[in-house]
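Here's the structure, in structure tokens; my notes come after.
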Number of protein chains: 2
Amino acid sequence: MKTLGEIGEDSLISRLITLVPVADQTMEGPGDDCAVIDDGRSGFLLLKTDALVEGVHYERSADPLAVGWKAIARVISDFAAMGGKPERFLVTVALPKSLQLDWIENFYRGMGNCMSRYGAVLAGGETCRVPEGSAAVISISATGSVSREQLVLRSGGRSGDEIWVTGRLGGSISGKHLSFLPRVEQAAWLTGNFALSAMMDLSDGIASDLPRLAKASGCGFQIDEDAVPLNNGCTVQQALTDGEDFELLFTLADSLGLPESWRSIFPDIELTRIGTLVAENQGRELSGGWDHFS
Amino acid sequence: MKTLGEIGEDSLISRLITLVPVADQTMEGPGDDCAVIDDGRSGFLLLKTDALVEGVHYERSADPLAVGWKAIARVISDFAAMGGKPERFLVTVALPKSLQLDWIENFYRGMGNCMSRYGAVLAGGETCRVPEGSAAVISISATGSVSREQLVLRSGGRSGDEIWVTGRLGGSISGKHLSFLPRVEQAAWLTGNFALSAMMDLSDGIASDLPRLAKASGCGFQIDEDAVPLNNGCTVQQALTDGEDFELLFTLADSLGLPESWRSIFPDIELTRIGTLVAENQGRELSGGWDHFS
């Protein structure tokens, strides 16, 4: 009998989703950054759920204002990855009775700061206890929206498309992972002005995330490691595998005018071409990156 | 400095929701069974989140098929409590690496059985690990819908309204809590045929839940303990405080014809008047019921 540690996260998810009914109206269900639902409104409804576990994603000694910010920002980053924006949040906190009230209040303040910054609101929640000695678990679900014209999936990449990333990568654990700004405005500008073929956010590192995007698009990829934009003091290996950059990874067939326009609008954020999508089974393999059960 | 165990769940929630932005378009946010959102569709959008914690809500030795059923059924019961039905689920599981794959697969099968029974689907999810020795936490979020005419809130009760419950109460822990059928069809029939003024589902027991409904409606209440419908072998005290009955508790001004019509449609399910809403500060106090941090 296998345990979860033996099979890994991607394999676990693909087994589990065969065991439940999956949607008809849902255009993209489990597998993309968000579920995308055509419910007859002018845009699409986006749905996303995410979790933070004490001792895995944060330590109790971490600043609860920052942990709260991150809890919300991670989900907003997934909406940005589809070209969308957040709307309403549902927050479930499973906490030990011994937790200080002060901690959870500052955690909520941190969440509130991030919701306010991005125009989102709390719509509901659940509080419950975990047994003493157990890790706290915080689960965040949210609705978002994206206009029909600006939706970008992981699966639209084509052989020959250029691969680009925003920002600099690597070393997020030294602080950026708790205070990052999800790329909502940048994604809206990109999808509003250029014909992006595929996009996702970099949560687990290029080494994990780019193969996912390429696979969803039925492509392979080539990357120029020397081009990967590095955060100060980081190696290429760190930039590829550290994860939690929460930058945008996207592809498009034609980037004519993109670098110049980007610089004029977002002068403080790097934008870098790092490679090319190629035919499936060509290109290269990347290894490393973050697997939640390995 | 206070801990969560010292302040209790209702008090915790009312403090926390002052710390984050709360919705404009949201008609009912934190406090009712679901959030109710007027997003311009023909009906209202319902949002709900809920959680199950190993060692608190279920034991690892419990049948994972039944735990999966319960995880989904609890949320569906909240949609029923508004007169609505479920649509799409987001499932987050935070699990120890040592958990058997078999357990989680059967848990998903159980969830799938309940989704299929009620016409709902999985739209997305998240898997992550908890440190070894920590309790597993399962968080379920969902969207639902309700027609504009059939929405019933907790807050619409008026002094003089009759208080009714479906089914029999008490002793759920002996098995019903893992296999109950959420009252979706019953709630749809009630809200389609009678002018219900307030409704909720009985998750924490009448002793906790009826005061919440009365308070939300700005009323007090009187209850006839001898009228409370008991499950076999249960005392009135158990029926009032055990919780997890997942029956409907509702109020209405005029029940003319209700018992007779109900019996013809749902002959196997009890329907009982247990009391009356009265003016605020009149009526009685109930104590007991389930508080998640006490």
Side-chain angles (χ1 to χ4, degrees), chain A residues 1-5 7 9 12-13 15-17 19-23 26 29-30 35 37 39-41 47-51 53 55-56 88 90 92 94-95 97-102 105 108-109 111-112 115-116 121-131 133-135 137 139 141 292-293, chain B residues 1-5 7 9 12-13 15-17 19-23 26 29-30 35 37 39-41 47-51 53 55-56 88 90 92 94-95 97-102 105 108-109 111-112 115-116 121-131 133-135 137 139 141 292-293:
Chain A
M1 186 71 72
K2 284 189 176 168
T3 66
L4 303 193
I7 72 160
E9 187 185 19
L12 174 64
I13 292 171
R15 292 178 73 131
L16 295 180
I17 62 177
L19 305 174
V20 292
V22 175
T26 307
I37 291 140
D39 66 349
R41 301 194 299 177
L47 296 177
K48 178 65 189 178
T49 186
D50 189 37
V53 179
V56 176
R88 293 178 187 80
L90 299 170
T92 292
L95 306 169
K97 280 203 286 190
S98 59
L99 188 71
Q100 297 296 318
L101 180 59
D102 200 40
E105 288 192 328
Y108 268 72
R109 284 190 186 95
M111 289 198 300
M115 288 182 205
S116 296
V121 294
L122 185 77
E126 171 73 6
T127 56
C128 56
R129 73 176 176 87
V130 294
S134 276
V137 176
S139 171
S141 297
H292 297 266
F293 287 105
Chain B
M1 184 72 70
K2 282 189 178 170
T3 66
L4 303 192
I7 72 161
E9 187 186 18
L12 175 65
I13 293 171
R15 293 178 72 132
L16 295 180
I17 61 177
L19 305 174
V20 292
V22 175
T26 307
I37 292 139
D39 65 350
R41 302 194 300 178
L47 296 177
K48 177 66 188 178
T49 187
D50 189 36
V53 179
V56 176
R88 292 177 188 82
L90 299 171
T92 292
L95 306 169
K97 281 203 286 189
S98 60
L99 189 71
Q100 297 295 317
L101 180 58
D102 200 41
E105 288 193 326
Y108 268 72
R109 284 190 186 95
M111 289 199 299
M115 289 182 205
S116 296
V121 293
L122 184 75
E126 171 73 6
T127 57
C128 56
R129 72 175 175 88
V130 294
S134 275
V137 176
S139 171
S141 297
H292 296 264
F293 287 104

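Proteins come first, then strands; the chains are lettered A, B, ... in the order of their sequence lines, and each starts at number 1.
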Looking at A:Leu47, A:Val137, A:Leu99, A:Leu16, which makes the most heavy-atom pairs under 4.5 Å with chain B? A:Leu16
Part of A:Ala94 lying under 4.5 Å from any heavy atom of chain B: side chain
List the atom of B:Lys2, the atom of B:Ile7, and the distance in Å for their closest heavy-atom pair. CD-CG2, 3.4 Å
Heavy-atom pair of closest approach, residues A:Ala51 and B:Glu126: N-CG, 4.0 Å
Can you tell me which portion of A:Val20 sits under 4.5 Å from chain B's heavy atoms? Options are side chain, backbone, both or neither. both
What part of A:Ser98 gets closer than 4.5 Å to chain B, counting heavy atoms only: side chain, backbone, both or neither? backbone
Any side-chain heavy-atom pair of B:Leu12 and A:Leu101 under 4.5 Å: yes
As an exercise: rank B:Pro21, B:Ser139, B:Ala135 by heavy-atom pairs under 4.5 Å with chain A and give me the winner. B:Pro21
Contact between B:Arg129 and A:Leu4 at the side-chain level, heavy atoms closer than 4.5 Å - yes or no? no
Under the side-chain hydrogen bond (donor to acceptor under 3.5 Å, both in side chains) test against A:Thr92, which residue among B:Thr92, B:Thr49, B:Asp50 passes? B:Thr49
Looking only at A:Ser141, A:Ser134, A:Gly55, the option with the highest number of non-hydrogen pairs under 4.5 Å against chain B is A:Ser134
